[in-house]
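Let me begin by presenting the structure, written as structure tokens, before commenting on it.
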Amino acid sequence: MLDLISMRADLAASYDLSPSVAKAENNKDIYAKMDRVVPPEDWAMFAPYVEAINKLKKERNAVILAHNYMTPEIYHGIADFVGDSLQLAIKATEVEADVIVQCGVHFMAETSKILSPDKIVLMPDMEAGCSLAESITAEGVEEMRAKYPGAPVVSYVNTTAEVKAASDICCTSANAVQIVDAMESDTVIMTPDQFLAQNVANESTKNVVFWPGSCIVHELYTAEDLRAYRDFDPEVKIIAHPECTPDVVAEADFTGSTSGIVGWIHEHKPAKAMLVTECSMASNIADELPEVEFAKPCNMCPYMKKITLEKILYSLHTMSGAVEVDPSVAEKARLSVERMIDLSRKLGL
Ligand code: 13P
Ligand code: SF4
């Protein structure tokens, strides 16, 4: 576990990180991207970190890949690329830096390392896990294969490298239906998200069998709550992530990956929107879409929220938190991820 007290002492010896109105002003162009959701007092606290990280990442020839669930000061302040899991995985194959700092959860950093074994991939907090990735092991995949002989295994990228290595192909929420449909067999095994699998089954011609994992953020939403919200405010557009239960997805006006959600809101610009997903999603796009009022109910991912500016700076400063994947596991896992990327490109996704 990171020792925050000694981390702070180390950082204080090298950087002036005290709140600064002057640094807030120097970085006002960055602040303009989040001033609807971040108070100026908070920006005066974030700006010294943002300045230090942006300088240090040049010195280290590092790029920062940030998931859509990062907080606005990370998403707008220091990220070089933002996106959903599929976009970040593809970006990891394209960047020409020596170092990738993965602002997201551990499986995302592992995916980057699998795809870029020669790069240093830093994870600012190794404890940023994922309830889905923790729900299944490679043995679980073998159990499913034994139960459904001959059926291909499509594993969500929210899995460990070992599970990816034991699978035939990966998918993300952006391509799951198309990947499953492209399998030759009539029965397809999906791991580890039971709700994503059921949502895919509702759109696919395949017999989808699944592992009983779930996302602790999305499983909390209920269709009943959404109906109550819509009764209260019939104007609201409800936009869900496919890790929600099928009942919730049935209530939604649109369901898609995190970037699919951002794209839909940009295209349709509803007067009111409720994003049935992680809290930072609405915060990150609030300034780009002043005409949209975002309903406040949201659930926070405690894993994603382990990533902070302070930990990112520390990881780049000390070059600590390098993710390693056993080369023999990485080689097999890479096949599953690359098959997904190749098929996605072929399908024009
Ligand atoms: P996306 O691939 O849609 O970004 O989802 C990742 C995730 O962890 C959602 O909970
Ligand atoms: Fe995992 Fe859910 Fe957090 Fe996404 S939101 S990282 S699926 S726990």
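For ligands, and for the atoms within them, numbers begin at 1 and follow the listed sequence.
The closest protein non-hydrogen atom to atom 3 (Fe) of ligand 2 is C301 SG, 2.4 Å. Protein heavy atom nearest atom 2 (Fe) of ligand 2, with residue, atom name and distance: C215 SG, 2.3 Å. Nearest protein neighbour of atom 5 (O) of ligand 1, counting heavy atoms only, is H241 NE2, 3.3 Å. Scanning the protein for heavy atoms near atom 1 (Fe) of ligand 2, the closest one is C130 SG, 2.4 Å.
Checked by atom type, the side-chain pair E310/T308 shows no donor-acceptor distance below 3.5 Å. Between the side chains of T245 and D247, no donor-acceptor pair of N or O atoms lies under 3.5 Å.
Atom CD1 of I189 and atom CD of E143 lie 11.0 Å apart (nearest 0.5 Å).
Taking all heavy atoms of V217, N299, V105 into account, the minimum distance to atom 5 (S) of ligand 2 is reached by V217.
Listed by number with element, the atoms of ligand 1 under 4.0 angstrom from any heavy atom of S173 are 1 (P), 2 (O), 3 (O). In summary, the atoms of ligand 2 found under 4.0 Å from a heavy atom of N158, numbered by their order in the structure, are 7 (S). Taking a cut-off of under 4.0 Å to the non-hydrogen atoms of Y69, the atoms of ligand 2 that pass are 5 (S). For ligand 2 and S131, the ligand atoms under 4.0 Å from any heavy atom of the residue are 8 (S). For ligand 1, the atoms sitting less than 4.0 Å from at least one non-hydrogen atom of S257 are 3 (O), numbered in the order shown with element in parentheses. Atoms of ligand 2 found under 4.0 Å from any heavy atom of E243 (numbered from 1 in listed order, with element): 2 (Fe), 7 (S). Near D84, meaning under 4.0 Å from any of its heavy atoms, are these atoms of ligand 1: 1 (P), 2 (O), 4 (O). For ligand 1 and H67, the ligand atoms under 4.0 Å from any heavy atom of the residue are 1 (P), 4 (O), 5 (O), 6 (C). Those atoms of ligand 1 with a heavy atom of Y69 less than 4.0 angstrom away are 9 (C), 10 (O). Close approach of ligand 2 to L132 (heavy-atom distance below 4.0 Å) involves ligand atoms 7 (S).
Side-chain atoms of H268 never come within 3.5 Å of backbone atoms of P270 as a donor-acceptor pair (strictly under, hydrogens ignored).
In terms of polar-atom proximity, defined here as any N/O pair under 3.5 Å, E243 does make such a contact with ligand 1. For ligand 1, the polar-atom distance check against S85 finds a nitrogen or oxygen pair separated by under 3.5 Å. At under 3.5 Å, a nitrogen or oxygen of N158, whether backbone or side chain, sits near a nitrogen or oxygen of ligand 1. Between N68 and ligand 1, no N or O atom pair is found at a separation short of 3.5 Å.
Pairing each heavy atom of N27 with each of K23, the nearest pair is ND2-O, 2.8 Å.
In this structure, the side chains of H218 and T277 come closer than 4.5 Å at one or more pairs of heavy atoms. Contact of the K206 side chain with the D181 side chain is registered, since non-hydrogen atoms from C-beta on lie closer than 4.5 Å. Between H241 and S173 there is a side-chain heavy-atom pair separated by less than 4.5 Å. Side-chain contact between I169 and M183 is present, with at least one heavy-atom pair separated by less than 4.5 Å.
Here E278 has no heavy atoms under 4.0 Å from ligand 1, in either its backbone or its side chain.
More than 12 heavy atoms of other residues, nucleotides or ligands lie within 6.0 Å of CD in E59, so this atom counts as buried by the packing criterion. Around the NZ atom of K332, the shell of radius 6.0 Å holds no more than 12 heavy atoms that belong to other residues, nucleotides or ligands.
Per the SG-SG cut-off, C279 and C298 are bridged by a disulfide [distance under 2.5 Å].
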